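Everything on this sheet refers to the single structure shown next.
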2 protein chains.
Amino acid sequence: MSPRKSVAEARRTRDRILEHGIAIASVDGLDGLTIGRLATDLGMSKAGVLGHFGTKEALQLAALDGAAAIFSRTVWAPAEHRPPGLARLRAVCEAWITYLETDRDTFPGGCLFTTAAVEFDARSGPVRDAVGRLLRVWRRRLAAEVRTAVAEGELPAGTDAEQLVYELGGLYLALNQELQLFGAPGAAERTRRGLDRLLGPGAPADPALTSRAS
Amino acid sequence: MSPRKSVAEARRTRDRILEHGIAIASVDGLDGLTIGRLATDLGMSKAGVLGHFGTKEALQLAALDGAAAIFSRTVWAPAEHRPPGLARLRAVCEAWITYLETDRDTFPGGCLFTTAAVEFDARSGPVRDAVGRLLRVWRRRLAAEVRTAVAEGELPAGTDAEQLVYELGGLYLALNQELQLFGAPGAAERTRRGLDRLLGPGAPADPALTSRAS
DNA sequence: CCTACCGATCGGTAGG
DNA sequence: CCTACCGATCGGTAGG
């Protein structure tokens, strides 16, 4: 009957802290994620919360990691069984819309990476570095899929993969803003129309997206 | 020889506070804009700083207003003498790039509206409302310019102005992220290529941007 | 996992 | 515009 919990119980507690921490950070940012609030909300002591992470910065990094796992599970995993190239790319893009639109419980304040990226983009340190690293990984994956699509002839030869990924990112930043700030129900459809311009039947003939070899 | 300053002096002090406050908020957000830090940086007392605004929220709103004035002066004003329609729209877009790229002194952490929008988009209250109001005003102005361009035959008939403005916004969110997070020097050129796709010679034939009257 | 505590900082007020 | 102060909260530690 000691207050000391088993390893498995401790792990579950840690998961609970992280899950709620991600929700808080989604709304108030990784700075707004305070140990005191977390403790109050979960009916724990501050020391009990902090003991699982050591420092606030470690907690922030853990929240980021947890959110990355959710993103991978929600956006990447469902598309993995699709054939590489345009089909998989389109599946990822559609799942990405779903991710931003529906995960209101896990991310009540919208995508945590968008929040964290803007919050830390002008600072330095481990959190900023972690955000940058994650964004780079996803860009690389998207760009690889674009290149496969080009090789398969599903996108026009000469397509600038980085340029396309850059514009895809802009489309999703716009979607997140539209959903969070204006709660606009038409935002998903606007995003799909933007995607059609980038990936759809209209795109292949578009010279601005191909490399400037002139 | 009283410590009481004249009205003009008080105004100048207020401007100094606001100028530095905008710089701080650009990096650390409108929540990170604390009265104590402002006072220390400016060699004043906290009460002296707060006296100009009353509450922190009023200070945040004043910083937002000040940033809006800078945005208008930098992005809109230089384009005002251009003929309405596509020419003015293009001038605004180019000035917008300059605004994000060069104003490192006034906005060391990037565009304050992008920061504030993401910071407050999941909350409620006067600050969030002010951010939303400003974004709506700029969108309306951009959309009006698009419609003029359509009426002049500079953009294809049937162009969905809101859709175009939505995608323009995404392009600039991407630019801000690219500059702040990765300091990418090629970001401006990527943005211009995106603009070419939306506004340039390649755009008129693009069916995805016109209304779906099917 | 807890209680009890630390110094620092927060926004804000009183009074001049 | 200042000094002096308020209660609340911050991240974090000691000790169990």
Side-chain angles (χ1 to χ4, degrees), chain A residues 1-22 24-25 27-64 116 119-120 123 125-128, chain B residues 1-22 24-25 27-64 116 119-120 123 125-128:
Chain A
M1 291 298 161
S2 96
R4 194 134 254 136
K5 305 288 180 61
S6 74
V7 175
E9 279 177 303
R11 233 219 104 88
R12 282 189 47 220
T13 304
R14 203 190 113 108
D15 287 349
R16 265 184 68 229
I17 296 170
L18 229 40
E19 187 186 335
H20 190 62
I22 288 170
I24 291 177
V27 174
D28 291 321
L30 285 171
D31 269 342
L33 173 59
T34 70
I35 297 151
R37 175 162 173 210
L38 219 31
T40 305
D41 289 0
L42 296 172
M44 296 174 62
S45 66
K46 291 202 307 177
V49 170
L50 200 56
H52 284 276
F53 306 95
T55 65
K56 173 163 182 174
E57 191 174 85
L59 168 65
Q60 291 174 321
L61 291 169
L64 229 34
E119 192 179 4
F120 285 87
R123 313 186 198 179
V127 177
R128 179 217 156 97
Chain B
M1 289 302 161
S2 97
R4 195 133 255 136
K5 304 288 179 63
S6 73
V7 175
E9 279 175 305
R11 235 218 102 89
R12 282 188 47 220
T13 303
R14 203 189 112 107
D15 287 349
R16 264 183 68 228
I17 297 170
L18 229 41
E19 188 186 335
H20 190 62
I22 288 169
I24 291 176
V27 174
D28 292 320
L30 285 171
D31 270 342
L33 173 59
T34 70
I35 296 151
R37 175 162 173 211
L38 218 32
T40 305
D41 288 0
L42 297 172
M44 294 173 62
S45 67
K46 291 202 308 177
V49 169
L50 199 57
H52 285 277
F53 305 95
T55 66
K56 171 163 183 175
E57 190 173 86
L59 167 66
Q60 292 174 321
L61 291 169
L64 228 36
E119 192 179 6
F120 284 85
R123 311 184 198 181
V127 177
R128 180 218 157 97

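All of these numbers come straight from a predicted model, not from anything done at the bench. Atoms considered below: every heavy atom in the structure, side chains included; atoms not considered: hydrogens, waters and symmetry mates. Quick note on labels: first sequence line is chain A, next is B, and so on, each numbered from 1.
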Which residues satisfy the side chain to side chain contact (heavy atoms under 4.5 Å, CB included) test with A:Leu50, sequence neighbours excluded? A:Ile35
So with a 6.0 Å cut-off around CZ of A:Arg123, is the heavy-atom count from everything else above 12? yes
For A:Leu30, is there any backbone N or O sitting under 3.5 Å from a side-chain donor or acceptor partner on A:Glu119? yes
With sequence neighbours excluded, residues passing side chain to side chain donor-acceptor pair (under 3.5 Å) with B:His20: B:Asp41
What are the atom names and distances for every N/O pair under 3.5 Å that joins the protein to nucleotides 11-15 of chain D?
{"from": "D:dG11", "atom 1": "OP1", "to": "A:Lys56", "atom 2": "NZ", "distance (Å)": "2.7"}
{"from": "D:dG11", "atom 1": "OP2", "to": "A:Ile35", "atom 2": "N", "distance (Å)": "3.1"}
{"from": "D:dG11", "atom 1": "N7", "to": "A:Lys46", "atom 2": "NZ", "distance (Å)": "2.9"}
{"from": "D:dG11", "atom 1": "O6", "to": "A:Lys46", "atom 2": "NZ", "distance (Å)": "3.3"}
{"from": "D:dG12", "atom 1": "OP2", "to": "A:Lys56", "atom 2": "N", "distance (Å)": "2.5"}

A:Arg14: partners by side chain to side chain contact (heavy atoms under 4.5 Å, CB included), with sequence neighbours left out: A:Leu18, A:His52, A:Phe53, A:Ala62
How long is the line joining CG of A:Asp28 and C1' of D:dC10, in whole Å? 15 Å
To the nearest Å, how far apart are B:Ile17 CD1 and D:dC1 C1'? 10 Å
With sequence neighbours left out, the residues meeting side chain to side chain donor-acceptor pair (under 3.5 Å) with B:Arg11 are none
Bracket notation of DNA chain C in which parentheses pair within the strand, [ ] cross earlier pairs, and | pairs with another strand (Watson-Crick or G-U, under 3.5 Å): ||||||||||||||||
Interatomic distance, A:Ile17 atom CD1 to A:Ile22 atom CD1 [nearest 0.5 angstrom]: 12.0 Å
Gap between atom CD of B:Gln60 and atom CG of B:Asp31 - 0.5 Å precision: 6.0 Å
